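This structure is a prediction, so every number in the text was calculated from the model and none was measured. Start at 1 and go down the list; that is how both ligands and their atoms are numbered.
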Amino acid sequence: MQHKFLEVFLESTAKYGAPYGPVRRNGVLTYDRVEKISDLVLSGEKTMIPAKKLFHPMRFDVFKFNEDGFTPDYSSIEKRVIIGLHPCEIHGLLKLDRIFDNPPADPYYMGQRKNSIIIGWSCAVCQNGLCKSTGTDIVEEGFDLFFVDVGEFYLVWIGSSIGYDMIHDKEEFFESTVTRDDLDAYVDWRARRDSSFMKSFNFRNMPDIMDMSYQSPIWEYFANKCISCGQCSMVCPTCNCYNITDHFDVSNANTGRRERYWDSCMFMEYSLVAGGHNFRGARADRLKLWYTHKLKTFGSQYAKPGCVGCGRCVETCPVDINVLTISEALTTGEVPKK
Ligand code: SF4
Ligand code: SF4
């Protein structure tokens, strides 16, 4: 598809659902509902908070309750077309699907998933992108359409029957024949992209290294730096823990609402149980849990990588604890100098 048709084509998808995608709000790129397709920022730039927030919101009411029982609140679930998800975001959602669709399925997350059409977007390599290392730099499932901007035109991959219908509705915008030159342009684009990654780590070796490093003093070194702020969990596309709190109405102690909000295993209270016992009171134990999930357990449990290489932990942790510094220290067995 030629670039000049893009906006009109995306506008035509409104009949499938409300448009969502990356937009700038107060100077910050974030996923949100858009009023106009022209407001979308379809580029290689990534948001600070990943697309998980559209399916697993930061904070929402799950139900209202009274003396007779409870009424689920599904009011935020609507038909949506989510435009502009990069491969790492789609891999993050595929991973969350395995968790939230595990019986009993989470009706809030799965409700949003079943009502959302995904239009994926190719990205330029970002400064801290590690997706080549984690094998999540391309995506073959989890989208209805996927646009690759090879320069002069978009190569559009169809991933579902709805994606096919979207194209069929506006087939005058698309060339159905893919020529040798088109494929060469794609191969060139892939080669340029593959050679532009600036950072990497040996993700494949990490499960074994994690196994052998449980007693490593390196954990204590990082624990002394960590301030338990939980930012790594907030920005990671595959972190999914949440807490719930009941709020009672002031006027009636038998009625109220149950709220659900993001939590982090990096917080000390996360593993606190009745009687005051804390399974992971030590910060080193919490760090070990987080990184064991990302670099080992999720892969073996769900056959999907626990780290999708987005690089957000590299950009966000205020004390430089991230998949790169952790994997390097555990691989070399050396405590970092700085
Ligand atoms: S590892 Fe970094 S981002 Fe995560 S809780 Fe510790 S200080 Fe915060
Ligand atoms: S561990 Fe870091 S690089 Fe990997 S997906 Fe999470 S935030 Fe992104």
Need the ligand 1 atom indices (1-based, order shown) with element for anything under 4.0 Å from a heavy-atom of Cys229.
3 (S), 5 (S), 7 (S), 8 (Fe)
Heavy-atom contact check, 4.0 Å cutoff: does Trp290 meet ligand 2?
yes
Any N/O/S atom of Cys226 sitting less than 2.8 Å from atom 8 (Fe) of ligand 1, backbone or side chain?
no
heavy-atom search around atom 7 (S) of ligand 2 in the protein gives Cys313 N, 3.4 Å
Identify the protein heavy atom lying closest to atom 6 (Fe) of ligand 2, giving its residue, its atom name and the separation to 0.1 Å.
Cys236 SG, 2.4 Å
Contact region, Val319 to ligand 1, non-hydrogen atoms below 4.0 Å, reads side chain
Heavy-atom contacts under 4.0 Å between Ser228 and ligand 1: side chain, backbone, both, or neither?
backbone
Taking every non-hydrogen atom, the tightest pair across Val62 and Tyr108:
O-OH, 2.6 Å
Is Thr238 close enough to touch ligand 2? Criterion: a residue heavy atom under 4.0 Å from a ligand atom.
no
Main-chain N/O of Gln127 paired with Glu315 side-chain donor or acceptor, under 3.5 Å:
no
I'd like to know if atom 4 (Fe) of ligand 1 has an N/O/S atom from Cys232 within less than 2.8 Å of it, counting both backbone and side-chain atoms.
yes
Under 4.0 Å from one or more heavy atoms of Ile321, ligand 1 contributes atoms 1 (S)
Nearest non-hydrogen protein atom, atom 3 (S) of ligand 2:
Gly311 N, 3.2 Å
Atom 5 (S) of ligand 1: nearest protein contact (heavy atom, Å)
Gly230 N, 3.2 Å
Are any of the heavy atoms in Val308 under 4.0 Å away from ligand 2?
yes
Looking at Tyr261, does the NZ or CZ of Arg59 lie under 6.0 angstrom from its six-membered ring centre and within 45 degrees of the ring axis?
yes
Give me the nearest non-hydrogen protein atom to atom 8 (Fe) of ligand 2 as residue plus atom name, then the distance to 0.1 Å.
Cys310 SG, 2.4 Å
Checking a contact table here: which protein heavy atom is nearest atom 4 (Fe) of ligand 2, and how many Å away?
Cys307 SG, 2.3 Å
Closest to atom 2 (Fe) of ligand 1 among protein heavy atoms sits Cys317 SG, 2.3 Å
Please work out whether any backbone atom (N, CA, C, O) or any side-chain heavy atom from C-beta onward of Pro237 is under 4.0 Å from ligand 2, and answer side chain, backbone, both or neither.
side chain
